[in-house]
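By convention in this document, chain letters (A, B, ...) are assigned in the order of the sequence lines, proteins followed by strands, and residues within each chain are numbered from 1.
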Amino acid sequence: MNIFADFQKVVEAAVAQLVEQGKLPAGLDMSKVTAEPPRDATHGDISTNVAMVLAKPAGTNPRALAALLEPVLAAHADVGKVSVAGPGFINLTLKPAIWPRALAAVLGQKDAYGSSKLGQGEKVNVEYVSANPTGPLHVGHCRGAVFGDALASLLAFSGYEVTKEYYINDAGAQVDVLAQSAFLRYREALGEQVGEIPSGLYPGDYLKPVGAALAKEHGNSLLSRNDWLPLVRDKAISMMMDMIRDDLAALAIKQEVFFSEKSLQTSGAVAGALAALEKAGHIYVGKLPPPKGETPPDWEDREQTLFRASAFGDDTDRALKKSDGSFTYFASDVAYAENKIARGFGQLIYVLGADHGGYVKRLQAVASAFSGGKVQVDVKLCQLVKLFRNGEPVKMSKRAGEFVTLRDVVDEVGADVVRFMMLYRKNEAPLDFDFAKVTEQSKDNPVFYVQYAHARICSVLRNAPANLSGTPDFALLTDEAEVALIRKIVEFPRAIEAAALAHEPHRIAFYLYELASEFHSLWNRGKELPQLRFILEGQDNVTLTRLAFLTAIRYCLANGLRVLGVTPVEEM
RNA sequence: GCACCCGUAGCUCAGCUGGAUCAGAGCGCUGCCCUCCGAAGGCAGAGGUCAGGGGUUCGAAUCCCUUCGGGUGCGCCA
């Protein structure tokens with residue numbers, strides 16, 4: 001039950017009724033009409049802008065239109081009072097009976113409270129992480145990983161059919177370097193002294209097991225073969241991907257599709273995709289102008305095979321083949337997009353690092369070219385995470401292989417903390433992550449604060465006497481703090497829906513923080529006003545009511561946390 | 001030079017896709033609240049020309065233009 005969505009329909013019906021009576025013209029655009037909680041709760045329970053939005057197209061003014069709508073809305077069974085305020089807001093105060101019904105609905109829906117059919121089963125592809133399979137994930141990958149995963153589960157919760165996907169970059173030069181690095185470790189495993197790993201190769205110890213595995217599998221037979229590279233490469237990639245999957249599992253992330261870039265090339269999909277574009281007239285051979293301003297010193301003016309991305313909103317056309325005729329990385333992306341679209345996705349979401357900003361338009365251009373503009377592409381760019389330890393920035397040197405791995409962070413502070421903190425900020429805002437702060441058990445730490453609210457509720461429920469008699473009666477919840485919480489509970493589905501539509505999971509994190517805050521506030525009122533406590537001896541009806549009330553709050557907290565992939569803990 | 005992101009309180013950031021006593025939260029600062037289900041909390045005070053300027057309309061922190069300031073990226077790397 002989402003009373004705001006419900007009342008939006010009520011408002012629309014009221015307009016339709018007036019149209020039918022000939023008091024309003026037909027064909028009014030309802031898309032900007034909203035029904036939302038008013039900023040100030042004293043204005044009522046639901047506020048709609050219908051009169052202001054429709055006044056002009058209806059050829060009247062907001063106050064007059066509001067006056068027309070007022071009696072129609074007042075006739076609704078759940079509406080207690082209608083008032084017109086300000087420039088033409090219509091405020092509805094609902095009859096008190098609606099709240100017990102709303103709370104009862106929450107208790108009935110349990111774990112499903114907040115879920116919806118918003119997406120109507122539309123197929124959505126969320127691609128995230130997609131780190132090169134050349135080593136373990138590092139902190140930089142954390143944010144995109146968590147963000148993508150939370151967004152995927154948010155969309156699934158909202159009625160979309162979501163596929164979580166990882167694109168394996170197993171076709172470029174970097175995996176040959178990986179193979180060479182692994183081969184060195186192989187020789188090392190056979191007893192050779194390899195010394196310092198030459199620069200340009202991957203120095204990390206994590207390739208030692210790959211070398212050992214190769215030695216175990218092949219003995220020294222690879223040394224005498226000159227075709228060892230593909231074999232070593234495949235083994236190394238496979239072991240790196242196992243490691244990456246393990247890293248992701250530590251963050252409770254499990255993607256279902258791991259899509260190989262190489263498979264696109266070997267299967268001919270890349271050539272096929274280019275042929276399709278060619279046929280549609282989106283490809284030509286030509287020269288790109290050098291970038292404005294400083295011309296790169298190594299600039300050579302050469303002909304390339306180009307995609308007419310500029311026809312689809314990109315700044316310039318994009319190279320599909322290098323000057324030597326081989327495919328660019330982007331060509332694989334083109335084939336990959338074609339593949340995704342062929343699989344029937346209506347929306348493609350890419351979660352990328354902020355350094356891929358220049359890539360957004362060409363991805364949209366490709367999808368547009370293949371789908372005729374029908375498939376939507378949303379690229380979510382995640383800004384950098386800055387690590388701190390007690391206020392001091394953590395230094396990382398990539399050259400020396402001294403980067404902080406994702407695993408290091410998760411091992412130190414726990415998956416729940418990492419996940420919540422990564423989501424407690426808009427994706428396009430940079431994020432500071434201080435090891436000391438995020439593990440602190442105080443209200444300064446939002447993860448803790450929200451979890452604490454949930455644990456406190458569980459604590460009360462544990463302490464409740466078993467043999468209460470009577471029935472809950474939500475009409476007994478009349479204190480302002482209680483009423484505020486009921487409103488907040490009722491808002492939950494709306495918060496989820498808004499977050500899903502905007503592809504912004506951080507909104508849920510903020511909602512949960514606010515909900516927790518209202519709860520802690522009510523709790524403390526119980527210190528000053530003992531009659532507000534949850535468990536009251538000898539007043540079973542009140543106690544039962546408040547326990548049911550707490551349970552409803554708990555569903556909001558737990559369901560919201562679950563969407564974010566954070567465990568709702570019962571004790572701390 | 002071009003494109004994208006950002007600019008809100010001393011600090012870190014929200015602001016529900018244009019709404020109303022709307023300028024908010026947390027930290028920090030000042031002062032309060034445990035005989036009581038978890039004080040691991042809560043309440044109150046001080047603090048901002050929403051970077052500057054213009055425009056769009058009933059209405060702008062939010063949309064458009066522009067200036068300034070910060071970040072990222074910019075043919076064949078992946």
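- Residue contacts shown for A:A354 are limited to sugar-phosphate atoms, with no base heavy atom under 4.0 Å away.
- A:P446 comes within contact range of no nucleotide atom at all, as no heavy-atom separation falls under 4.0 Å.
- A stacked arrangement is assigned to A:F89 and the six-membered base ring of B:rA20, with a centre-to-centre distance below 5.5 Å and an interplanar angle below 30°.
- At a cut-off of 3.5 angstrom, the base of B:rC43 holds no donor-acceptor pair with the side chain of A:R525.
- Among the atoms of the strands shown, only primed sugar atoms or phosphate atoms (P, OP1, OP2) are found under 4.0 Å from some heavy atom of A:G172.
- Heavy atoms of A:Y511 sit nowhere under 4.0 angstrom from any nucleic acid atom.
- Look at A:Y513 and the base of B:rA25; the rings do not stack under the cut-offs of 5.5 Å between centres and 30° between planes.
- Looking at heavy-atom distances under 4.0 Å, A:S332 makes no contact with the nucleic acid at all.
- Nearest nucleotide to the side chain of A:A502, out of B:rU17, B:rC43, B:rC58: B:rU17.
- When the nucleotides B:rC16, B:rA78, B:rC4 are ranked by their closest atom to the side chain of A:A498, B:rC16 comes out on top.
- Looking at heavy-atom distances under 4.0 Å, A:K361 makes contact with sugar-phosphate atoms alone, never a base.
- Applying the ring pair (Phe, Tyr, Trp, His ring centres under 6.0 Å) criterion to A:Y284, with sequence neighbours excluded, gives no partner residue.
- Residue A:E428 is classed as a sugar-phosphate contact, given heavy-atom separations below 4.0 Å to backbone atoms only.
- By the 4.0 Å N-to-carboxylate-O rule, A:K488 lies close enough to A:E514 to be salt-bridged with it.
- Ring geometry for A:F330 against A:F307 counts as tilted: the plane angle lies between 30° and 60°, on a 0 to 90° scale.
- Map A:D432 and A:K437 each onto its nearest nucleotide of RNA chain B; the residue landing nearer the 5' end is A:D432.
- In terms of polar N and O atoms assigned as donor or acceptor, the side chain of A:D314 never comes within less than 3.5 Å of the base of B:rA3 in a complementary pairing.
- A donor-acceptor contact under 3.5 Å is not formed by the side chain of A:T328 with the base of B:rA78.
- The residue A:A495 sits apart from the nucleic acid: no heavy atom pair falls under 4.0 Å.
- Contact of the A:L477 side chain with the A:V483 side chain is not registered, since no non-hydrogen atoms from C-beta on lie closer than 4.5 Å.
- A:K426 comes within 4.0 angstrom of the backbone, heavy atoms only, and of no base.
- Using a cut-off of 4.0 Å between Lys/Arg side-chain N and Asp/Glu carboxylate O, A:D434 and A:R389 are scored as not salt-bridged.
- Look at B:rU17: its glycosidic torsion is within 90° of 0, and that puts it in the syn range.
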